[in-house]
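All values reported here derive from a predicted model rather than from experimental measurement. So that the names make sense, note that chain A is the first sequence line, chain B the second, and so on, each numbered from 1.
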Amino acid sequence: MTVLAQLRFALAALAGHRARSLLMVLAMAIGVAAVVVLTALGEGARRYVVGEFASLGTNLVIVLPGRSETTGGPPPLTGLAPRDLTIADAQALLASPAITDVAPVVVGAAPVAAGGREREVLALGSTRSLLPVRHMTVAEGRFLPGGDPERGPPVAVLGATLRRELFGNRRAVGEQIRIGDRRFRVVGVLTDTGRSVGLDLNDLVVIPVAQAQALLNAPSLFRILAQARGPAAIAQAQDDIRATIRARHEGEDDVTVITQDSVMNTFDAILGTLTLVVGGIAAISLVVAGILVMNVMLVAVSHRTAEIGLLKAIGARPGVVLRLFLAEAALLSVLGAAGGLALGYGGVALIGALVPDFPVAAPAWAVAAALLVATGTGLLFGVWPARRAARLDPVQALARR
Amino acid sequence: MLLRDLYGMAAHSVASHPLRSLLTAGGIAVGIAAVTLLTTLGQGVQRYVLAEFTQFGTHLIAVNPGKTETVGMMGGILATVRPLTFADAEALARLPEVQAVVPGIYGNGRVSAGRRARSTYVNGVNHNMPEVWRFQVRAGRFLPPDDDAAARALAVLGSRLKTELFGAESALGRTIRVGERRFRVVGVMAPKGQVLGFDMDDAVYIPAAQALALFNREGLMEVDLLYRAGGDEARLVEAIKRTLTARHGREDFTIVTQNQMIDVLGRILGVLTFAVAALGGISLLVGAVGIVTIMSIAVGERVGEIGLLRALGATRGRVMALFLGEAVLLALGGALIGLAAGIGGARLIGALVPALPVRTPWGYALLALAVSMLIGLAAGVFPARRAARLDPVEALRAE
Amino acid sequence: MIALEGVGRTFTVGGSPVHALVDVALAVRAGDYLSIMGPSGSGKSTLLNVLGLLDRPNAGRYLLDGREVGTLNDTEQAAVRLHQFGFVFQFFHLVPRMTAAQNVGLPLTLAGVPAPQRQERVAQALAACGLADRAGHRPDQLSGGQRQRVAIARATIMNPQVILADEPTGNLDRASGEQVVGILEDLNRRGMTLIVVTHDPAVGERAQRRIHMDDGRISADHAR
Ligand SMILES: Nc1ncnc2c1ncn2[C@@H]1O[C@H](COP(=O)(O)OP(=O)(O)OP(=O)(O)O)[C@@H](O)[C@H]1O
Ligand SMILES: [Mg+2]
């Protein structure tokens, strides 16, 4: 019997029990589709977060005041340390050839008022360098002016939301606003960025760092964002920063230096693992589908005892009978896997259409694994019934009704 | 027909195909086992995290400077134009039902004693801290009840920091430096271990006023209040809001009660547990498809029997009930096997990871049984209706 | 007791009608012994199914003890079948996974008779059919004749008024056939109405009243 003939035989047998075959295909398809959709969601979450991090800036090295020697613990988030991290410290980092740009940052909460409207927002003190380092863009007017960061004119750049809340449709650039008890002139408005991890860039006001320090009474910087020359320069930049700060802080190592990459990699790893786990849980259903295939094939063997007896009586070798039943199981799983793929990709496309910002995409490894597991379990669970069929004694098989 | 006989008959036909029934139930069993295991672990994690929180007590209220809408979770970390002060903390301490108040400011600094030094967490608090946070002093005593705004330069060491700086020697009465300032050690805390990643033992506790000076900062990061057990939390929150609004002229602070935190956390973790359980539920769905398949096959095999039952005077409803009963039995049997496996698996993990408080969720177990019964019913409806709708004459001729 | 008036039953096969029963009128008194004979396809089984309320006529009336039963709903007809009719089929129709006793007890189970009473009555019925020692056997462990006797025990367990037998000896050798017919006639002597469809003239001739069917009509009705 040729392989093609065997397949045709199996297909005919399956078509003879259409409802039952469809149900088994459905079971397989649910499992495969579940794996595809769930891993696609996990992968989407991973890509989303990685993308968000990338949008925060590239090759960033972040300097926080304070340090903790507890290994594995969180970094000193509060940013309070006996020795201030100063604007001069930040400027000194520019001496390193590995660092192309530096943005000192002071952050605080402050009420912003204009024309009778008031809103409590984040006040971000920084320099002109913040724009390229944090990958921000300006929609109206211009960003903070350059010049000596230790001084800075009372000018402000508004986030998109804050601009809307304070000025509505009116012109904002050139207007006066109050931040706390100080007066500022609006010179620009940031581009609407949508949501982002960390700070909401739409509901804040950016002012020169020296102005922010005075306003918030914050002698120390909250962070320094330094941009390394390239991915290869990040390690060098970290070393240079530590050395520079140590020299400026009387030999003390009292800052924490973290890289954007390390934070991103941590998230990447966590979400990658999550995707794997979620896919694995979904794959359990494939095993259940495999058990179902085995069960139904066993039933089929006992129903078709006479048929098997006849096949053997007219000279089919046990190997042929075995392959006939295996072909049936394989056909079921392949059809199920194909149906599941269609269902899964349909689901992924639907999610993609409903939530366009979310980059859902089934990872190739998950799809391959789902297909492999589906056909694998189908075949594996088909072996027992097929062997049962192959071992039937033709005389007894024919004798039974 | 007696219900007992109905189930007897259903059970009898289920038992007459032991392998087939076992495999069918096995599909449901795998699903239920997955759901049970996952929810048990999920609840274990939930319990673990909540225990981490409740160890500080539940009669706690934290006040941070700044409004939540603006600064989100960053609370007191950011600088603000309107800081919380010692005077604010004192005003809060005078409210009725308030038992103790801790002004807080937290940072990092270098702590040295002799030639040994360590960069560690520096926590500015006051004498009420052990009572409010439920911390224990191992040696000496905690900070004395000085005036908050003018407290003396005394320090209490976390147990890990003490070992790092002094080894086995006594630290009491010794002088340490935190930043450029000198402090006299008056006590050492009992070990507390890690809480949500923070090593509570690698820290030094100094008076908040000293910490403010050390960090060159004006305002407090947080004021923690402990109120009397049985106190009315909602009323107290209102009172805090009124007091501070009156003092600041506006609502420029955020109040978070420990109960709210625990609530929110519990809800998030509950949703996660549910989501994970739903994932396991996919297997249950596939198992249900298995029941539909096998019951359809059974109806096909037993057409003659169905015709006979009808000829003998069984109504359509009775035939339907019989096949539904079989489907439910298959599902329930699977659920029992799955529960046993799931609970066993969870216990095993619990034994391997002692930190995880794994407890059998009997509520969930009952729910799983109820759900599997519903699954059996739902999966059985299609084949059972086919059986019930068979024309008796046709059915009898089929054989 | 039974009265059919103008009963017709038409099947539609592939769009064209097949008249299985045409204007059948039949009256049967309690305790009668009827045989129905006729060529294959003449409507014998259809008539028996209509009599046993397994099938609904398209036309005519069916009175059972003066009560119109042709128009009863499914549930009511099921109750009538359970309590007033006993069926015996050519192919026995025993549930293969049940023992002889369980098969015989099936109508009692359906009627909601509690297990202890059931056992007693099943034992009696089996003994009456000479199967007292086969109670625990499953159908595949019994001979054809024994299987049909189990079926008869099942048909009589509810003490029905009427036994309807469709070719009860059709699958049996002569000796087993004789035995089965003997048991049925015994029941008739004790007052049960007996209606037997058969192709075997030797069996048919034994009835007091012999009905002959042709093309869905009753073509002859002899009484002795
Ligand atoms: N369910 C059905 N669908 C279509 N036609 C049917 C059906 N049942 C019976 N018939 C037709 O009705 C006619 C009478 O059938 P019935 O089974 O009553 O014959 P019978 O006399 O019992 O024959 P036999 O002696 O072969 O058993 C036949 O022509 C048959 O083909
Ligand atoms: Mg017939």
Residue [X] versus chain A: region with a heavy atom under 4.5 Å:
X: B:I28; answer: neither
X: B:L214; answer: both
X: B:I105; answer: side chain

How close do [X] and [Y] get, heavy atom to heavy atom, and via which atoms?
X: A:I284; Y: B:A34; result: CD1-CB, 4.1 Å
X: B:L19; Y: A:L298; result: CD2-CD1, 3.5 Å
X: A:A27; Y: B:V289; result: CB-CG1, 3.9 Å
X: A:P111; Y: B:R250; result: CB-NH2, 3.9 Å
X: A:P219; Y: B:N216; result: CG-ND2, 3.3 Å
X: A:R20; Y: B:T293; result: CG-CG2, 3.9 Å

Legend entry - side-chain hydrogen bond (donor to acceptor under 3.5 Å, both in side chains) between B:T24 and A:N295, intermediate numbers included: CA-CA 7 Å; B:T24 312; A:N295 202 0; 2.8 Å; yes
Distance (rounded to the nearest 0.5 Å) between [X] [atom1] and [Y] [atom2]:
X: B:I291; Y: A:L23; atom1: CD1; atom2: CG; value: 12.5 Å
X: B:L279; Y: A:I281; atom1: CG; atom2: CD1; value: 5.5 Å
X: B:S112; Y: A:E252; atom1: OG; atom2: CD; value: 8.0 Å
X: A:S220; Y: B:R217; atom1: OG; atom2: CZ; value: 10.5 Å
X: B:L23; Y: A:M294; atom1: CG; atom2: CE; value: 4.5 Å
X: B:I297; Y: A:H303; atom1: CD1; atom2: NE2; value: 7.0 Å

What part of [X] is in contact with chain B, defined as an atom under 4.5 angstrom from a non-hydrogen atom: side chain, backbone, both or neither?
X: A:D84; answer: side chain
X: A:L38; answer: side chain
X: A:D254; answer: neither

Legend entry - Chi angles and distances behind the side-chain contact (heavy atoms from CB on, under 4.5 Å) call for B:E301, A:V299: CA-CA 10 Å; B:E301 284 174 346; A:V299 171; 4.0 Å; yes
Do other residues, nucleotides or ligands put more than 12 heavy atoms under 6.0 Å from the [atom1] atom of [X]?
X: B:R182; atom1: CZ; value: no
X: A:R242; atom1: CZ; value: yes
X: B:R385; atom1: CZ; value: no

Legend entry - Summary of side-chain hydrogen bond (donor to acceptor under 3.5 Å, both in side chains) pairs that have at least one residue in residues 281-292 of chain A, sequence neighbours excluded: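 Output for this query is empty, none listed.
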